[in-house]
A.B. asks: 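Take a look at the following structure, please.
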Amino acid sequence: MPMTPLISAILVGVVFLTSTLSGIFGMAGGMLLLAGLLTILPVATAIALQGAIQIVANGSRAWFSRHFIDWRIMSTMVAGIVVAAVLLFLVRYQPDLATVCIAVGLMPILVWLPKSWLQLDASRPLHGFSCGLISGGLNLAVGVAGPSIDIFFIRTQMDRRKVIATKSCMQVISHGAKVVFYSATTAAMATGDWILVAIAAPFAIAGTNLGYRILQRLSDNGFRRWTRWIVTMLGIFYLMRGILLLAGS
């Protein structure tokens, strides 16, 4: 589908909305942005373009909350991301739309699992590495990984600000790895696609700033409750689309 001025304007609006959501909840925005891009772009291009935009959104979110980042946890998660990228590179992984939609659609199940079922804590080095490995692999493979990151933070003693800050910093690395992983796709992207990223960048930052301000007004309980329901609704959308794609094929 050609990137007409109308489509570009709609996507810029979506970037602002999704960046605001991500600024508040840390993950719902990326799922919604990818859904929009998958409607107009090939799957690998959509994942790469979403990664480029999310670097800006997550980078600004990490900067706004930089004083809350836990750098010790970050180091173990980044090691996991590197291992995931190497493994997917070795198997020459290529995404397809139905698989991406179903995988993203099933991911919100993770946010509903009882805490007693999950003895996961990102502050433990092995668990932090596992978080990077699993969520980094999912982000590279299907474009988003928010719920798979969240399950490693529900047992930590971190408040919502430290959770959002550390997750944002990790996702900058993860999305950067995604752009590099799909380097052939990003190199082949049209000039108009990169212009769209440049136009969308300030809106991503503005939306993130707005979301960060809203986050400060939320309680920890409200933060977790709204995250669950928003991510679940997006998951249902993805799952239905994946099922329809498989039925159509």
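Here, residue 1 is the first one in the sequence, and each next residue gets the next number.
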A.B. asks: Nearest 0.5 Å, please: how far is CZ in R161 from CD1 in I164?
C.D. replies: 12.0 Å
A.B. asks: For A204 and V56, work out which heavy atoms get closest and say how close.
C.D. replies: CB-CG1, 4.1 Å
A.B. asks: Can you tell if the side chain of T208 reaches within under 4.5 Å of the side chain of W63, non-hydrogen atoms only?
C.D. replies: no
A.B. asks: Is a side-chain donor or acceptor of T166 paired with a backbone partner of V163 at a separation under 3.5 angstrom?
C.D. replies: no
A.B. asks: Looking only at heavy atoms, which two atoms of V15 and A200 are closest? And how far apart?
C.D. replies: CG1-O, 3.7 Å
A.B. asks: May I ask you to test the M31-M107 pair for a side-chain heavy-atom distance under 4.5 Å?
C.D. replies: no
A.B. asks: Supply the atom-to-atom distance D121 CG to S130 OG, rounded to the nearest 0.5 angstrom.
C.D. replies: 12.0 Å
A.B. asks: Got L138 and V144 here, is their nearest side-chain heavy-atom distance under 4.5 Å?
C.D. replies: no
A.B. asks: Do side-chain atoms of N58 reach the backbone of R61 as a donor and acceptor pair under 3.5 angstrom?
C.D. replies: no
A.B. asks: I need the minimum non-hydrogen distance between I47 and A141, along with the two atoms involved.
C.D. replies: CD1-O, 4.1 Å
A.B. asks: Is there a side-chain contact between F203 and S19, using heavy atoms and a 4.5 Å cut-off?
C.D. replies: no
A.B. asks: Could you check if a side-chain atom of S148 sits within less than 4.5 angstrom of a side-chain atom of L110, using non-hydrogen atoms only?
C.D. replies: yes
A.B. asks: Counting N and O atoms only, with roles assigned by atom type, does the side chain of S174 sit under 3.5 Å from a partner on the main chain of M170, one being a donor and the other an acceptor?
C.D. replies: no
A.B. asks: Looking only at heavy atoms, which two atoms of A177 and I81 are closest? And how far apart?
C.D. replies: CB-CG2, 4.2 Å
A.B. asks: Do L49 and I199 sit in one hydrophobic cluster, given that two such residues count as connected whenever their side-chain heavy atoms are within less than 4.5 Å of each other, even indirectly?
C.D. replies: yes
A.B. asks: Check whether L87 and L126 end up in the same hydrophobic cluster, where Ile, Leu, Val, Met, Phe, Trp and Tyr are linked by side-chain heavy atoms less than 4.5 Å apart.
C.D. replies: no
A.B. asks: Rounded to the nearest 0.5 Å, what separation is found between the SG atom of C169 and the CE atom of M77?
C.D. replies: 8.0 Å
A.B. asks: Does A145 offer a backbone N or O that forms a donor-acceptor pair with the side chain of S135 under 3.5 Å?
C.D. replies: no
A.B. asks: Check F64 against I205 and note the closest heavy-atom contact, atom names and distance.
C.D. replies: CE1-O, 4.0 Å
A.B. asks: Let me confirm one number: the CG-CD distance from L38 to Q50, rounded to the nearest 0.5 Å.
C.D. replies: 8.5 Å
A.B. asks: State yes or no: do I243 and I109 share one hydrophobic cluster built from I, L, V, M, F, W and Y residues joined by side-chain heavy-atom distances below 4.5 Å, directly or via other members?
C.D. replies: yes
A.B. asks: Please say whether more than 12 non-hydrogen atoms of neighbouring residues, nucleotides or ligands are located less than 6.0 Å from CH2 in W112.
C.D. replies: yes
A.B. asks: What's the separation between atom CG in N139 and atom CD1 in I149, rounded to the nearest 0.5 Å?
C.D. replies: 7.0 Å
A.B. asks: Tell me, do P95 and Y182 make a side-chain contact under 4.5 Å, heavy atoms counted?
C.D. replies: yes
A.B. asks: Can you see which heavy atom on P108 is nearest to which on T232, and at what distance?
C.D. replies: CB-CA, 3.9 Å
A.B. asks: Donor-acceptor check, side chain of Y238 to backbone of A35, threshold 3.5 angstrom: yes or no?
C.D. replies: yes
A.B. asks: Take atom CZ in R213; do more than 12 heavy atoms of anything else shown fall under 6.0 Å from it?
C.D. replies: no
A.B. asks: Are R241 and V104 close enough that some pair of their side-chain heavy atoms sits under 4.5 Å apart?
C.D. replies: no
A.B. asks: Starting from L32, can I reach I214 by hopping between I/L/V/M/F/W/Y residues whose side chains sit under 4.5 Å apart?
C.D. replies: yes
A.B. asks: I need the L33 CG to I53 CD1 distance, nearest 0.5 Å.
C.D. replies: 5.0 Å
A.B. asks: Using 30° and 60° as the class boundaries, would you call the ring planes of F181 and Y93 parallel, tilted or perpendicular?
C.D. replies: tilted
A.B. asks: With hydrophobic residues grouped by side-chain heavy-atom distances under 4.5 Å, do L17 and L37 end up in a single group?
C.D. replies: yes
